[in-house]
Amino acid sequence: MRCFRPRSGKAADGVAAVVETRQASQSQQGSRDVREGVEAGAQQHYQLSRIMRPDDANIVGNVHGGIILKMIEEAGCIVGTRHCNAQSGDRCMAALVRVEKTEFLFPMFIGEVAHVTAEITYTSEHSLEVQVKVIAENILTGAKKLANKAALWYVPCSLQNVNKVMDVPPIKYTSEEQEEQGRNRYDAQKLERVETKARTEEVVPPPPNPEDPPKEQHTVSFSQSSLIHLVGPSDCTLQHYVHGGVTMKLMDEVAGIVAARHCSTNIVTASVDAINFHRKINKGCVVTVTGRLTFISSKSMEIEVLVDASSLVEADKYRAVSAFFTFISLDKDNKPQSVPPLKIDGEEEQRRYDEGNARYLQNKAKRLADKQRQQ
Ligand code: COA
């Protein structure tokens, strides 16, 4: 195995561009980094396994998507933090900054064992990509199925100063192609992030007023739901900000409530579009997680989830995260079934519906292309 040093930099417009490797004057530091990278190579994998219990699942026994996302994030955080501390300098913690679009491939049930395997697959100067696989094992029959695959990006933040981003030791790649593919994924997500940053700055929707007259069923406002959560120590990292997995679990919960209110059936998470974590949420903050339906196909529901954070005492409120979740309605035999159409009210809802439709068609075409490539 060879150790390839990642190359990255910023173009004038702030978007990442590939640049030449570090200067020759840094060669002494470079060779130390490479040695450390090789040593850190042993830390590139991590696996956690856990039996699924009733409080991980809904009333019919399907494990919540949010629980799976939380386990995925825990495994990613462990492998990322371990890797970034395999060098001298400040001790640090890998903070989740992005999760790529994630598909839930097979449902998991109470009693099954989730084997979550995390592997560092790319490192840039200040970030690392972790790919995670979740295998569900039926320990009575030995049957195993791939329940989920995800790609997460972490940034090491110093324990001394939470806003100080540390360097990431390079990893070992098995080939130049593998490194090249990683760099392409890195460049692609950097470009995409510029677009989503604008969306997270959108105005916060007003919370539904309980005094209002009852809403008409199957409208956006009928199922819109919010959850308010006070961030406690058990939600936080050693540096007192919320674990990404905790936030994703809350988001999945709200999205699930919206979906269930709309179709009044058992529902499961089918996928989550890419999520970017631009800002930290600190211990003691109040988070308001709001979900609203944006689009409905014949058998799926797209729910936009917005996470706003505010301090208990100060008036500042900011959008910490937003994402689109897709849920499916299931019948008694766990088969997808039709969902009631969404009654649209006004131009804004229509705009969001049309955008959701475009995402739906794009995702469907991509899934089809992936399937054809695999055949
Ligand atoms: N996805 C992937 N990588 C990201 C990213 C994102 N959303 N945001 C930042 N990065 C990477 C950058 O590419 C850069 O790495 P590079 O130099 O190798 O390209 C590195 O992070 C630092 O970027 P920089 O612009 O210097 O810092 P920043 O202003 O983006 O701040 C954090 C980085 C981590 C301090 C900040 O994004 C943050 O606090 N995010 C929230 C983290 C968190 O709380 N996670 C839990 C969520 S509940």
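Computed over heavy atoms, backbone and side chain alike; hydrogens, waters and symmetry mates excluded. One-based numbering, in listed order, for ligands and for the atoms of each. No experiment lies behind these values; they were computed from the predicted model shown.
- Note: an N/O pair closer than 3.5 Å links His126 and ligand 1 by distance alone.
- Between Phe277 and ligand 1, a contact under 3.5 Å exists for at least one N or O pair.
- Paired with Val307 under the rule side chain to side chain contact (heavy atoms under 4.5 Å, CB included), one option of Thr290, Ile281, Leu250 passes, and it is Ile281.
- Residues Lys299 and Ser329 fail the side-chain proximity criterion, which asks for heavy atoms closer than 4.5 Å.
- In this structure, Tyr353 and Leu342 have side chains that are in contact, with non-hydrogen atoms separated by less than 4.5 Å.
- Heavy-atom proximity to Val242, at under 4.0 Å, picks out these atoms of ligand 1: 46 (C), 47 (C), 48 (S).
- Considering backbone and side-chain atoms alike, Val97 places an N or O below 3.5 Å from some N or O of ligand 1.
- Taking distance alone, with nitrogen or oxygen atoms compared against 3.5 Å, Ser124 approaches ligand 1 more closely than that limit.
- For ligand 1, the atoms sitting less than 4.0 Å from at least one non-hydrogen atom of Tyr241 are 44 (O), numbered in the order shown with element in parentheses.
- Considering backbone and side-chain N/O atoms, Tyr186 comes within less than 3.5 Å of an N/O atom of ligand 1.
- At least one N or O atom of Leu96 sits closer than 3.5 Å to an N or O atom of ligand 1.
- Taking every heavy atom of Trp153 and a limit of under 4.0 angstrom, the matching atoms of ligand 1 come to 2 (C).
- Contact of the Tyr122 side chain with the Arg183 side chain is registered, since non-hydrogen atoms from C-beta on lie closer than 4.5 Å.
- Of the N or O atoms in Asn276, one or more lie within a sub-3.5 Å distance of an N or O in ligand 1.
- For ligand 1 and Glu125, the ligand atoms under 4.0 Å from any heavy atom of the residue are 18 (O).
- Polar contact check, Lys190 against ligand 1: a nitrogen or oxygen pair lies under 3.5 Å apart.
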